[in-house]
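All remarks here apply to the structure that follows.
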Amino acid sequence: MIKPRFISFEGGEGSGKSTQIKLLAKKLSKYGEVITTREPGGTVEAELIRNLLVKGKKNKWSGVVETLLLYAARKDHIDKIILPNLKKNKWVLCDRFKESTLIYQGYGKNVDIDLIKKLDKIITNNLTPDFTFILDINPRVGLRRSKRKSNIETRYENMSLAFHNKIRKGFKTIAKSNRKRFILINANQDINLLHDKIWNEMTKRINAK
């Protein structure tokens with residue numbers, strides 16, 4: 001028996017997280033039931049908060065306000081989706097989790113990192129994925145991809161290239177901080193080749209074939 005895990009995917013805009021989660025979920029389904037979800041969002045109520053965050057003018061919220069909104073959504077998501085499904089011994093694959101807040105609001109918007117870590121401890125009890133794939137892509141390429149896909153959820157896409165460069169640098173920095181948990185992969189390649197690399201990394205960690 002292979003124990004189900006909590007796995008998150010992180011990366012900048014247009015890095016292909018959603019596509020890779022779908023491919024991985026299909027592959028993992030032979031090892032148990034798989035739940036796919038996303039942040040911000042994942043529940044009906046948290047999706048309402050998502051709409052506030054990803055739509056509208058790029059400067060309508062400060063970084064601190066965004067952080068508080070994200071943790072409100074995250075608490076609902078954890079309580080209603082993530083923890084119940086982990087307790088039922090299901091795989092949980094999440095498109096973004098706590099590292100996105102650390103990087104986008106902390107590195108990107110200069111919110112105090114200690115504040116984010118304190119909120120995480122208080123609100124989530126430091127719930128952490130078993131491992132996290134970080135899909136790395138040049139922001140210029142990723143933003144072109146992302147803007148082709150959506151003309152509604154574009155608030156973050158409309159932020160400056162300098163902001164997105166900080167996001168990329170932040171993800172690469174945390175990837176180096178814990179190589180056992182964070183798996184940094186070049187996302188600027190063929191979808192199937194990228195999936196093969198992700199699956200290869202998965203098999204090392206869960207002893208699958």
Side-chain angles (χ1 to χ4, degrees), residues 5-13 15 17 21 35-87 92-136 139 153 155-157 159-160 162-184:
R5 310 295 212 284
F6 176 24
I7 302 166
S8 62
F9 277 70
E10 299 283 4
E13 309 304 318
S15 56
K17 300 183 296 355
I21 284 175
I35 301 298
T36 62
T37 188
R38 70 177 182 176
E39 287 207 352
T43 69
V44 172
E45 293 76 14
E47 289 288 333
L48 296 175
I49 298 175
R50 178 187 179 89
N51 285 334
L52 295 175
L53 286 161
V54 302
K55 298 177 183 178
K57 295 179 180 179
K58 61 184 179 181
N59 295 321
K60 70 175 181 176
W61 304 115
S62 71
V64 172
V65 171
E66 288 181 358
T67 301
L68 295 172
L69 287 168
L70 285 161
Y71 270 99
R74 184 162 298 137
K75 175 63 174 171
D76 197 63
H77 188 209
I78 288 171
D79 289 349
K80 295 177 180 176
I81 300 294
I82 296 176
L83 285 182
N85 282 292
L86 289 174
K87 288 176 180 177
V92 177
L93 308 186
C94 192
D95 185 343
R96 299 199 184 282
F97 195 59
K98 61 198 293 180
E99 274 69 41
S100 274
T101 307
L102 179 68
I103 299 304
Y104 275 76
Q105 281 65 48
Y107 284 71
K109 294 206 163 187
N110 300 314
V111 175
D112 183 67
I113 298 296
D114 286 337
L115 171 63
I116 295 173
K117 290 181 177 179
K118 286 175 182 176
L119 282 171
D120 193 71
K121 183 177 180 179
I122 294 168
I123 296 174
T124 77
N125 196 28
N126 287 330
L127 177 66
T128 301
D130 292 285
F131 44 90
T132 297
F133 289 100
I134 297 178
L135 305 188
D136 176 54
E153 293 188 349
R155 181 168 172 261
Y156 282 95
E157 284 88 340
M159 292 181 187
S160 70
F163 173 83
H164 290 286
N165 282 327
K166 285 199 290 185
I167 298 308
R168 185 188 191 191
K169 183 178 179 181
F171 276 125
K172 293 176 83 169
T173 297
I174 64 166
K176 295 176 183 176
S177 70
N178 185 343
R179 296 183 188 276
K180 288 185 178 180
R181 187 185 149 213
F182 296 116
I183 307 145
L184 183 69

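Counting begins at 1 with the first residue of the sequence.
With rounding to the nearest 0.5 Å, the separation of CZ in F163 from CD in E157 is 10.5 Å. A distance of 12.5 Å separates CZ in F133 from CZ in F182, rounded to the nearest 0.5 Å. Atoms OG1 and CG, on T67 and D120 in that order, are 11.5 Å from each other to the nearest 0.5 Å. Atom-to-atom distance recorded for I7:CD1 and I183:CD1 is 8.0 Å, nearest 0.5 angstrom. Remark: I174 CD1 to Y107 OH distance equals 7.0 Å, nearest 0.5 Å. With rounding to the nearest 0.5 angstrom, the CZ atom of R38 is 12.5 Å from the CD1 atom of I81.
Considering K169, R168, K176 as possible partners of D136, the one that fulfils the salt bridge (charged side-chain N to carboxylate O under 4.0 Å, His left out) test is R168. Just one residue in the list N126, T132, T124, T128 forms a side chain to side chain donor-acceptor pair (under 3.5 Å) with K98, and that residue is T128. Checked against L83 for a side-chain contact (heavy atoms from CB on, under 4.5 Å), the options N125, V92, I78 give a single hit: I78.
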message: Using the rule given for side-chain contact (heavy atoms from CB on, under 4.5 Å), can you reason through K109 versus M159, listing the C-alpha separation, both sets of side-chain angles and the distance that settles it, and then say yes or no?
response: CA-CA 11 Å; K109 294 206 163 187; M159 292 181 187; 3.6 Å; yes
message: Could you walk me through whether T101 and E39 satisfy the side-chain contact (heavy atoms from CB on, under 4.5 Å) test, starting with their C-alpha distance in whole Å, then the side-chain angles of each, then the deciding distance to 0.1 Å, before giving a yes or no?
response: CA-CA 10 Å; T101 307; E39 287 207 352; 5.7 Å; no
task: Determine, step by step, whether Y156 and E66 satisfy the side-chain hydrogen bond (donor to acceptor under 3.5 Å, both in side chains) criterion, reporting the C-alpha distance in whole Å, the side-chain angles of both residues, the deciding distance to 0.1 Å, and the verdict.
output: CA-CA 12 Å; Y156 282 95; E66 288 181 358; 3.0 Å; yes
message: For L102 and I113: C-alpha separation, side-chain torsions, deciding distance, then whether side-chain contact (heavy atoms from CB on, under 4.5 Å) applies.
response: CA-CA 7 Å; L102 179 68; I113 298 296; 3.7 Å; yes
query: Does the pair K166 and N110 meet the rule for a side-chain contact (heavy atoms from CB on, under 4.5 Å), with working shown?
result: CA-CA 10 Å; K166 285 199 290 185; N110 300 314; 4.1 Å; yes
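With hydrogens and angles disregarded, a donor-acceptor distance shorter than 3.5 Å links the side chain of W61 to the backbone of L52. Side-chain atoms of E47 come within 3.5 Å of backbone N or O of G42 as a donor-acceptor pair. Under the 3.5 Å distance criterion, the side-chain polar atoms of R155 are matched with a main-chain donor or acceptor of L53. Between the D130 side chain and the R5 main chain, no donor and acceptor come within less than 3.5 Å of each other. Using a distance-only test at 3.5 Å, with no hydrogens or angles considered, a donor-acceptor pair links the side chain of D112 to the main chain of D114.
One finds no salt bridge joining E153 and K55 here, because no Lys/Arg side-chain nitrogen approaches an Asp/Glu carboxylate oxygen to under 4.0 Å.
Residues R96 and Y104 bring a donor and an acceptor atom of their side chains to less than 3.5 Å of each other. Between H164 and E13, the side chains place no donor N or O within less than 3.5 Å of an acceptor N or O (distance only, hydrogens not considered). A donor atom on one side chain and an acceptor atom on the other are found under 3.5 Å apart for E10 and S100.
The shortest distance between side-chain heavy atoms of N178 and K180 falls below 4.5 Å.
In terms of heavy-atom proximity, V111 sits nearest to G63 at CG2-C, 3.3 Å. A pairwise comparison of heavy atoms in S8 and R181 identifies OG-NH2, 4.5 Å as the closest pair. Minimum heavy-atom separation, N165 to P139: OD1-CG, 3.3 Å. The shortest heavy-atom contact between I123 and Y71 is CD1-CB, 3.6 Å. The minimum heavy-atom distance linking L70 with P40 is given by the pair CD2-CB, 3.9 Å.
The aromatic ring centroids of F97 and F9 lie 6.0 Å or more from each other.
Around NZ of K118, the count of heavy atoms belonging to other residues, nucleotides or ligands within 6.0 Å does not exceed 12.
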